[in-house]
Amino acid sequence: MKIDNLTLSFWNKKVLDKVTLEIKKQEFVFIIWYSWSWKTSLIRSLIWDFKPENWDIILDDGSYLYKNLNEKTLRQYRKRIWVIFQDYKLLESKTVYENVAFAMEVCNYKDSEIIKKVPEVLEATWLLLKKDRFASELSGWEKQRVSIARALVHNPEIIIWDEPTWNLDPKTALTIMEIFEELNRLWKTIIIATHDKNIVDSYKKRVISFKDKKIFLDEEKWSYHI
Ligand SMILES: Nc1ncnc2c1ncn2[C@@H]1O[C@H](COP(=O)(O)OP(=O)(O)OP(=O)(O)O)[C@@H](O)[C@H]1O
Ligand SMILES: [Mg+2]
């Protein structure tokens, strides 16, 4: 995926100015930026949930996304690039099973596909035993896994994860990172926005950061110790 000429503004104040960025298939990338910078806004703009000015996304097949944007292409695109948000966005009055099934229903999957797929992804995220619990009864770590299960039903090519470890103890944080390393091995591109020094230093992956509206760091195998 190539992000071409991205300019992001709030209240007429530019926060990113003509940023171009290429992320290859099966890359594992950390985007680090201090708290209360524009990480979540940047991610929302990548799925057209927040509209940036004047830019495009060029997909791996060479097609320009926004030049050809309509409701149908946007729906398809959002299944290929899946975002796991910081606040999980679960439906609190639905069960674990229903939360995952609902993610498929709204995308018009057939009932037979839903019945087959939901138990598979619940098993992969160690949630089968909790499938009938309401989302409101789950711990943060369990909610986090439900949101991963919801991502997996669509088999996306790119998973973008906003602050995955903000409410986890360091040991659990590393466990959840293992899930994403495994997904990465299974040909998924993983993009993680974080300010967690611990996980960035443990993984030594490509790190991108911004300053003065531009990219100021883009290094392979980077850590805070360097
Ligand atoms: N739709 C919007 N309109 C105006 N300002 C916004 C909008 N969305 C976010 N902001 C502002 O942009 C700034 C960055 O917010 P954002 O949530 O992107 O930061 P963040 O880096 O994800 O923060 P955190 O590390 O706390 O999650 C904040 O000052 C926020 O109030
Ligand atoms: Mg955020």
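Read the numbers this way: they start at 1 and go in the same order the structure lists the ligands and their atoms. Reckoned from all heavy atoms, side chains included, excluding hydrogens, waters and symmetry mates.
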Trainee: Test side chain to side chain donor-acceptor pair (under 3.5 Å) on Thr40 and Gln86 and set out the steps.
Mentor: CA-CA 8 Å; Thr40 300; Gln86 213 168 350; 3.2 Å; yes
Trainee: Using a 4.0 Å heavy-atom cut-off, say whether Trp38 meets ligand 1 through its side chain, its backbone, both or neither.
Mentor: both
Trainee: Quick one: look at Trp11 and ligand 1, take heavy-atom pairs under 4.0 Å, and tell me if it's side chain, backbone, both or neither.
Mentor: side chain
Trainee: May I ask you to check whether Ser37 has an N/O atom sitting below 3.5 Å from an N/O atom of ligand 1?
Mentor: yes
Trainee: Among all protein heavy atoms in this structure, tell me which lies nearest to atom 26 (O) of ligand 1, with the distance rounded to 0.1 Å.
Mentor: Trp36 N, 3.5 Å
Trainee: Side chain or backbone, does Arg44 bring an N or O within less than 3.5 Å of an N or O on ligand 1?
Mentor: no
Trainee: Check each atom of ligand 1 against the heavy atoms of Glu163 and keep those under 4.0 Å away; list them by number with element.
Mentor: 25 (O), 27 (O)
Trainee: Look at atom 30 (C) of ligand 1 and say whether a protein heavy atom is found at less than 4.0 angstrom from it.
Mentor: no
Trainee: Please check if the number of heavy atoms outside Leu129 that lie under 6.0 Å from its CG is greater than 12.
Mentor: no
Trainee: Among all protein heavy atoms in this structure, tell me which lies nearest to atom 25 (O) of ligand 1, with the distance rounded to 0.1 Å.
Mentor: Lys39 NZ, 2.9 Å
Trainee: Are Trp166 and ligand 1 in contact, using a heavy-atom cut-off of under 4.0 Å?
Mentor: no
Trainee: Check the Mg ion (ligand 2) and write out every protein N, O or S atom at under 2.8 Å, as residue and atom.
Mentor: Thr40 OG1, Gln86 OE1
Trainee: Has Glu182 got more than 12 heavy atoms of other residues, nucleotides or ligands less than 6.0 Å from its CD?
Mentor: yes
Trainee: What pair of heavy atoms forms the shortest contact from Ile215 to Leu217, and how long is it?
Mentor: CG2-O, 3.5 Å
Trainee: Tell me, please, whether Phe85 has Lys89 positioned over its six-membered ring: NZ or CZ under 6.0 Å from the ring centre and within 45 degrees of its axis?
Mentor: yes
